[in-house]
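Below: one structure, written as structure tokens.
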Amino acid sequence: EGIGGGFDITSSTTTTGIDAIYPASMEGSWKCRRAVTSVEGDAGQAELAWRILGGTGDFKKAESFATNYILPPQGSGVKNDYRG
């Protein structure tokens, strides 16, 4: 039995209709920067978790990547009424 109600990130299945909701103002291309700012506890386990979540290269250096936020297509049943 696991601790808490965690989510298995290694699972290949997802729950239908569950996704993160972003404001429509985020639509478009973004350059993101990901950095580890602190580690509390076992640094080896922290680095392993970081790599499992897609971290590459030097664990202690910031990395950049590009991403693109798109609005859901009309008729998809997904609503994004948040205009933040």
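- In this structure, OG1 on Thr56 lies 12.5 Å from NZ on Lys61, to the nearest 0.5 angstrom.
- Nearest heavy atom pair, residue Leu53 against residue Arg34, reads O-NH1, 3.7 Å.
- Considering CD1 of Ile70 and CE of Met26, their distance stands at 12.5 Å, rounded to 0.5 Å.
- A pairwise comparison of heavy atoms in Lys31 and Ser64 identifies CE-CB, 3.8 Å as the closest pair.
- When all heavy atoms of Ala62 and Arg33 are compared, the closest pair comes out as CB-NH2, 3.4 Å.
- Minimum heavy-atom separation, Thr67 to Cys32: CG2-SG, 3.6 Å.
- Partners of Phe59 by ring pair (Phe, Tyr, Trp, His ring centres under 6.0 Å), not counting sequence neighbours, listed by chain and number: Trp50.
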